[in-house]
Amino acid sequence: MDAGMEVRGQGGRQVVFATRGLTKVYLTGDVEIHALRGVDMELYAGELTVMLGASGSGKSTLLNILGGLDSATDGQVLYGEQDLVRAGDRVLTAFRRDHVGFVFQFYNLISSLTARENVAIVTEISRNPMTPEDALALVGLEKRMDHFPSQLSGGEQQRVAIARAIAKQPAVLLCDEPTGALDSKTGVQVLEAIEHVNRELDTTTAVITHNVVIAEMADRVIRLSDGLVSDVHVNERRRPPSELSW
Amino acid sequence: MRTIHRKLLRDLTELRGQVAAIAVVIAAGVMMLIIAVTTLDAISLTKERFYRDSAFADVFVDLKRAPEGLIQRLVEIPGVNQVETRVKAPVRMEVPEYENPVRGEIISIPDGRQPTLNRLYLREGFLPEAGRWDQVAISEPFSQAHGLRAGDTLTVIIRGRLETLTVTGVVLSPEYVYQLGPADLLPDYERFGVLWMNRRALANAFGMDGAFNNVVLTLRAGVREEPVIDALDQLLGPYGGIGAHGRDDQPSHFFLSMELDQLRVMAVILPTIFLAVSAFLLNVLMGRIIRIQRQQVAVLKAFGYGNRDMAIHYGLLTGLIVLVGSALGTGLGAWAADALAAVYMEYFRFPEMSFRLQPRVILLAVGVAGAAAAVGTARAVYGAVRLPPAEAMRPPAPEHFRQGWLERSRLGALLDQPTRIIVRNLSRHRYKAGLSVLGIGLSAALLLLGSYQFGAVTQMIDVQYRLVQKMDINLHFTDPTPERALAELRVMPGVQYVEGFRNVPVRLASGRHDYRTTILGMDARPGLYGLIDADYRSVRLPPDGLVLTDYLAGHLGVRPGDRVQVEIMEGHRRTVGVEVAATVSEPIGVSAYMERRALNRLMREGPAITGTWLLTDAGQHPDLFDRLWEVPRVASIGLILDAESAIRTYIEDTVLIFMAVLLVLAGSIAFAVVYNNARIAFAERARELATLRVLGFTRAEIAWILIGELVLLTLLAIPVGWLVGTGFALLLNEAMSMDMFRLPFLITPRTYAFAAAGVLLATALSVVLIGHRLRRLDMVSALKTVE
Ligand SMILES: Nc1ncnc2c1ncn2[C@@H]1O[C@H](COP(=O)(O)OP(=O)(O)OP(=O)(O)O)[C@@H](O)[C@H]1O
Ligand SMILES: [Mg+2]
């Protein structure tokens, strides 16, 4: 599926993702939890977007649905012209394999594989990957490539997860709290890696964070609260990650 | 190597304990099938080959004496292919360095050459040479029992005349694959031997010059034996023919077929039960192993691995396990089947054993195991890929627990927190707990199936020798003898009590069913022979009418009050109708009984007997035997004690070895299942247990959460195992009820206790192994890694 990049938003920028009335209701027992209540938003080609929001506001839920990892209850998710909400498993699998790199909030490395292998397992099925070694070097882990996840710190595991996501040089990179477990210095290193991919490869990138400082590196900041987009803010200029600290 | 395959190997190594346990379950199922089918196949194949190579006859008949010229008439019977007339003589022998008397049978062979039918297989030496009067070939088991080789001599008494004969060779005959003396149930290679001698020499010694007293013949292809048998009986009746019979009534063939029937039943029932149980367990176990990997499946899917990739990945995992298990099962199965077939060859004497592994059987076994594993895998993989990755990746949400009745009850207040966790875990996962209970229960059931026969067999033999055959010695006469012979015996050394019986060979028929057996005529309530009913109460013989073993009555389809046709196969052959007066349930044999005088009347004779039972003083046996052998009418002397130990050995060697193998397999399965269950429980709870440790619970407390659950599951499984196992045993028992042996259906409390102890032991072992893991439970890493 090659997203026909014909869809243009205001200002003529090419829309990669667009959601319309996106809702997600979790059913736990008898209780309905409305995680998304009709989200309308766009992600533009080559743009770096940061999503901010309080805990429980629905950030992860939204990102998961964009990445084809979760199903929506109602509404539309257009990737190019393709509606992901109505796509079948085969289409979603191809979408994830060929278009998306994902960084999970809880890393989700495979415990029986080393750092290098955790990356390789993804690059092996990609069309145009970088080598696992290059990807790990980008996140500063060239020395820990043969360690198993249980031998890595939380931050190192997170960096492996990022290397895994960017190694396939995806069209879309979705990161759920990529710096959540990192100190300011390594956090910056990781953000630089993300920005590098975004800039060099023109990868459409969305980063979830709690951290308002990080929002300054974005082209655009989308605020979520209580399952709705509450605010969209366009930065005058992107500050390079190296200027950030927290 | 692709990384996903590397992951496969790592997973296999990591899960090696569980993988090994699953492989054992597969191996046990495969092994059972291979042992049963291969042993059966080896014996059938060997039998077929020997029968064919030696031109084993189809029809057999004994008679008093007929002139050799009659052979022309025999050949002309329609349907007959080849005919061989023979002289057959019962003899007594003296074997160097052997105290006891030995009985034997000498069969003639054409002078200096192989017979046309029932050709001999020469194991050693050569056949008697043409024109020699003093040479014999002897049967292999007899030669082995006494260490007799070609060149040795032995003394034979034919018709009262002593002859010293030289052994020229050691042979095997299709007629004596199962070498049984007349009136014996089991082979006694020391006290009974078969010899082959030149026709002219034997005929001369036995007073059969120019005559024969035994005929064997083969049928043309496609000819039924009944008309030929009828024609033979017509023709040979005037010459004292006592009824021709087919292979079915040829003693060696009869026992061989019975054993094969029994094996055939086992080859169906046992592997079916085993494979079914392994298939079920495999299904459950594979499912669980994969369910643990649910999150990994989700991650791989999130990065674009499709459902097909996942199916292939886990299909390979399963395939490797099935392969290892099948290879193990096939190897061990072939080895055990070979050993078991060798045990049978001790009783059934063939020139050589044909042993082969049938690819068909291996394929079947592997197919069943593979299919079961595949179903379990597929269900689990489907369960994992069906969810959107985001959902599957999330650590399972804190589950929806409720307080059960137990906790609300007063008893519940007494439970400590860890115990409460156990109760909640089990009641929350009722389906899973149920599967575990069923799995452990099934392995207990297999243990029960494997052990119940030990008790049942002992019981059967005890009944036979404590309640039925109460005599010390069993004498058979060559011909019907007047009752006064009893008085003669009463005064012999060491004889304390004597009782006579009349034994008549008959063919019983009713409708389309018939059966060759003997009618045993004895006193209404004999002192030395117990007639018992199903509850082991002794039964009194009615003054008239026939009493049948219930098995025989069932076979003939008759009930007390019905009439059966009794064809008397002795002297002047007649058929008379006799009423069935009652049935008795005996565990061994297929006999019919009558009050002795009533039988004498039926035979139109005076109060004759054909044998006696004696109570004796064992200390005087040598003297007694010397005297008995001087009585010309004595055809055989049976020592009941010997017979009992022989039958115990036989059963131990065959049935019980089989059962022992089964027991070992059941034990392995039990351990594999329990251990696996424990490992899975550990894997599923590791995080939770580590968290509890962090919160300050002691090692003992968290160990109890795991161990208590395992023990509870095992305790719940035991009654399930008893119930299912009893069902399995009943099934096997029904199927194994054969002509000769009918195992009483009896499961002793010890058997039940044994089955329970088996799974408890497996649980204890698993707990020890898991305890090791619990001690190493690393709080930090258990919390850090997301599987
Ligand atoms: N599987 C689920 N079942 C039920 N409710 C869920 C599930 N996943 C998320 N929720 C609920 O949906 C809402 C949104 O969750 P989400 O994970 O998207 O929040 P978030 O914005 O990512 O929060 P955080 O910053 O803490 O990660 C929350 O109220 C959460 O409790
Ligand atoms: Mg989140």
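Residue numbers start from 1 in every chain, and the chains themselves are labelled A, B, ... in the order their sequence lines are given, proteins ahead of strands. Computed from heavy atoms alone, side chains included, the values below leave out hydrogens, waters and symmetry copies.
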Is it true that [X] and [Y] have a side-chain N and a carboxylate O under 4.0 angstrom from each other?
X	Y	result
A:Arg127	A:Asp98	yes
A:Glu42	A:Arg20	yes
B:Asp309	A:Arg97	yes

Contacting region of A:Arg164 [heavy-atom separation from chain B under 4.5 Å]: both
Whether the side chain of A:Gln158 engages the backbone of A:Gly155 through a donor-acceptor N/O pair (distance < 3.5 Å, no angle test) should be reported.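 No; zero donor-acceptor contacts below 3.5 Å.
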Mind ranking A:Thr93, A:Ile65, A:Ile121, A:Val100 by heavy-atom pairs under 4.5 Å with chain B and telling me who comes out on top?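 Top option by heavy-atom pairs under 4.5 Å: A:Ile121.
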Looking only at B:Lys301, B:Glu14, B:Arg10, the option with the highest number of non-hydrogen pairs under 4.5 Å against chain A is B:Arg10
